[in-house]
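Beneath this line is the structure, given in C-alpha cells, with notes to follow.
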Amino acid sequence: MQRSKMRGASSGRKTAGPQQRNLDPAPPGRWEGRSSENPPSGSVRKTRKNKQKTPGNGDGGSTSEAPRPLRALRKKRAQADPTVENKEALNNSVEVKVNIPDELKPWLVEDSDLVTRKKQLFQLPAKKNIDAILEEYANYKKSQANVDNMKYAVDDVVAGIKEYFNVLLGTQLLYKFERPQYAEILMAHPNALMTQVYGAPHLLRLFVKIGATLAYMSLDERSLALSLGYLHDFLQYLAKNAASLFTTSDYKVASAEYHLKAL
C-alpha cells in the first residue's frame with residue numbers, strides 16, 4: 001500500500017526531489033609514490049536523500065589516521081543490504097554512481113546481448129580468473145611505486161574488490177539465464193571463492209552494481225571519494241587491457257539440456 005502511495009506521489013503531486021551534489025574526487029596526484037591520502041581521481045556523482053546521517057558515520061574517516069582505500073567499505077559491507085526495510089536507513093542513504101570508462105561500455109552491451117539474446121554462456125572456470133586479474137593489477141601498481149604506502153593501498157583495494165564480488169555475485173551480478181550454471185559451479189567447486197572461477201565480464205558487472213550497495217553505508221564524503229578514486233583507477237586498468245581481457249570467444253552457445261534448466 002505504501003509503495004502505491006509513493007508511486008502516486010511521484011506521478012501526480014510535486015514533491016521535493018533529492019538534492020544533487022557533485023562529490024569531488026579525491027585530490028589529484030600521482031598514484032605512484034604517494035600516500036593513500038592521494039589516490040587517483042575518480043568521477044562520482046552523489047545524491048544525498050537526507051541530511052541526517054545514520055549511526056556510525058565516523059567509521060569511514062578518522063582525523064588521526066589516513067583512511068585506507070576500501071577499508072571503511074569492507075567494514076560496513078554487512079550493513080549494505082539492498083533489501084533493507086528500515087525507512088530511516090533508506091531515507092538517509094546516498095546514491096553513488098561509479099563512472100564506467102567509455103572504452104568498457106560497449107562490452108557491457110555485448111556481454112548482455114550474448115547472454116540474454118544469443119543464449120550463450122561465459123565458459124567457467126575462466127581462462128583468466130578474477131584473482132589473477134587483480135594480482136596482475138597489484139603487481140603493476142607496485143612496480144611503479146617507490147614507497148610502502150603504495151603497497152599498503154593497493155593490497156586493500158584488491159582485497160575489497162574480491163570481497164565485494166564474492167558477496168554480490170549470486171544475488172546481483174547474474175542474468176537469469178546464468179543461474180543454472182552458477183548452481184552447477186557451486187556444486188562442482190564447493191570450497192572455491194567465486195573470484196577463482198569467474199572472469200573479467202562478471203567483474204566488470206560489479207562496478208555497475210556496487211554504487212547501489214554503497215548507498216546503504218554511512219561513509220563521510222572524504223572516505224567515499226578516496227575509495228571510489230581507487231575503484232576508478234582499477235577500471236582504467238581494465239580499459240587499458242580490454243583487448244586481452246574481454247573476448248566473445250570465451251562464450252559458448254548453451255546446450256538444449258541447459259535451456260530446459262534455465263526455463
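In this chain, residues are counted from 1 in sequence order.
Residue Tyr164 holds its OH atom at 9.5 Å from CG of Leu206, rounded to the nearest 0.5 Å. For the atom pair CD1 (Ile100) and CG (Leu104), the distance works out to 7.0 Å, reported to the nearest 0.5 Å. Rounding to the nearest 0.5 Å places CG of Asp250 at 10.5 Å from CG of Leu114. Summarising the geometry, atom CG belonging to Leu173 is positioned 9.5 Å from atom CD1 belonging to Ile210; distances are rounded to the nearest 0.5 Å. With values rounded to the nearest 0.5 angstrom, Phe122 atom CZ is found 9.0 Å from Phe246 atom CZ. A distance of 4.0 Å separates CD in Gln236 from NE2 in His232, rounded to the nearest 0.5 Å.
In this structure, the side chains of Gln196 and Ile130 stay at 4.5 Å or more apart for every pair of heavy atoms. Looking only at side-chain heavy atoms (C-beta outward), Leu224 and Val96 come within less than 4.5 Å of each other. Taking 4.5 Å as the limit, some side-chain heavy atom of Leu134 sits within range of a side-chain heavy atom of Lys162. Residues His189 and Asn191 have side chains not in contact (no heavy-atom distance under 4.5 Å, counting atoms from C-beta outward). Between Gln120 and Val115, the closest side-chain pair of non-hydrogen atoms is not below 4.5 Å. Between Leu203 and Ile161 there is a side-chain heavy-atom pair separated by less than 4.5 Å. Contact annotation: the side chain of Asp155 approaches that of Lys142 to within less than 4.5 Å [non-hydrogen atoms, C-beta and beyond]. Contact annotation: the side chain of Trp107 never approaches that of Thr247 to less than 4.5 Å [non-hydrogen atoms, C-beta and beyond].
Val253 and Tyr175 are assigned to two separate hydrophobic clusters, defined by single-linkage of ILVMFWY side chains at heavy-atom distances under 4.5 Å. Phe207 and Val167 end up in the same hydrophobic cluster when Ile, Leu, Val, Met, Phe, Trp and Tyr side chains are linked at under 4.5 Å. Residues Ile185 and Leu193 do not share a hydrophobic cluster, defined by chaining ILVMFWY side chains whose heavy atoms lie under 4.5 Å apart.
Formation of a donor-acceptor pair under 3.5 Å by the Ser112 side chain with backbone atoms of Leu108 is not found in this model. A donor-acceptor pair under 3.5 Å links the side-chain atoms of Arg179 to the main chain of Gly170, judged by distance alone. Judged by distance alone, the side chain of Glu136 and the main-chain N or O of Ile133 form no donor-acceptor pair under 3.5 Å. Although no hydrogens or angles enter the test, the distance criterion places a donor-acceptor pair under 3.5 Å between the side chain of Asn166 and the main chain of Met194. In terms of modelled atom types and a separation under 3.5 Å, the side chain of Gln123 and the main chain of Leu121 share a donor-acceptor contact. When atom types are taken as modelled, the side chain of Asn241 and the backbone of Ser244 share no donor-acceptor pair closer than 3.5 angstrom.
Remark: Glu110 pairs with no residue by the side chain to side chain donor-acceptor pair (under 3.5 Å) rule, at least two apart or across chains. In this structure Asp113 satisfies the side chain to side chain donor-acceptor pair (under 3.5 Å) test together with Arg117, sequence neighbours excluded.
More than 12 non-hydrogen atoms from other residues, nucleotides or ligands lie less than 6.0 angstrom from NZ of Lys119.
Note: Phe234 and Tyr137 have perpendicular aromatic rings, judged against thresholds of 30 and 60 degrees for the angle between ring planes.
For Glu103 and Lys240, the salt-bridge test fails: no basic side-chain N is under 4.0 Å from an acidic carboxylate O.
Asp131 and Tyr198 form no side-chain donor-acceptor contact under 3.5 Å, judged by distance and modelled atom types alone. For the 3.5 Å distance criterion, the side chains of Asp111 and Tyr251 qualify, holding a donor opposite an acceptor. Side-chain contact of Tyr140 with Gln144: a donor-acceptor pair under 3.5 Å is present, judged by distance alone.
The two residues Pro180 and Ala262 make their nearest non-hydrogen contact at CG-CA, 3.7 Å. Considering every non-hydrogen atom in both Leu235 and Leu204, the closest pair reads CD2-CD1, 4.1 Å.
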One pair to check against side-chain contact (heavy atoms from CB on, under 4.5 Å): Asp156 and Tyr230. What are the steps and the verdict? CA-CA 10 Å; Asp156 221 33; Tyr230 283 109; over 6 Å; no

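The aromatic ring centroids of His202 and Phe165 lie 6.0 Å or more from each other.
Membership of the apolar cluster around Leu260 extends to Leu263, as traced through chained side-chain contacts below 4.5 Å between ILVMFWY residues.
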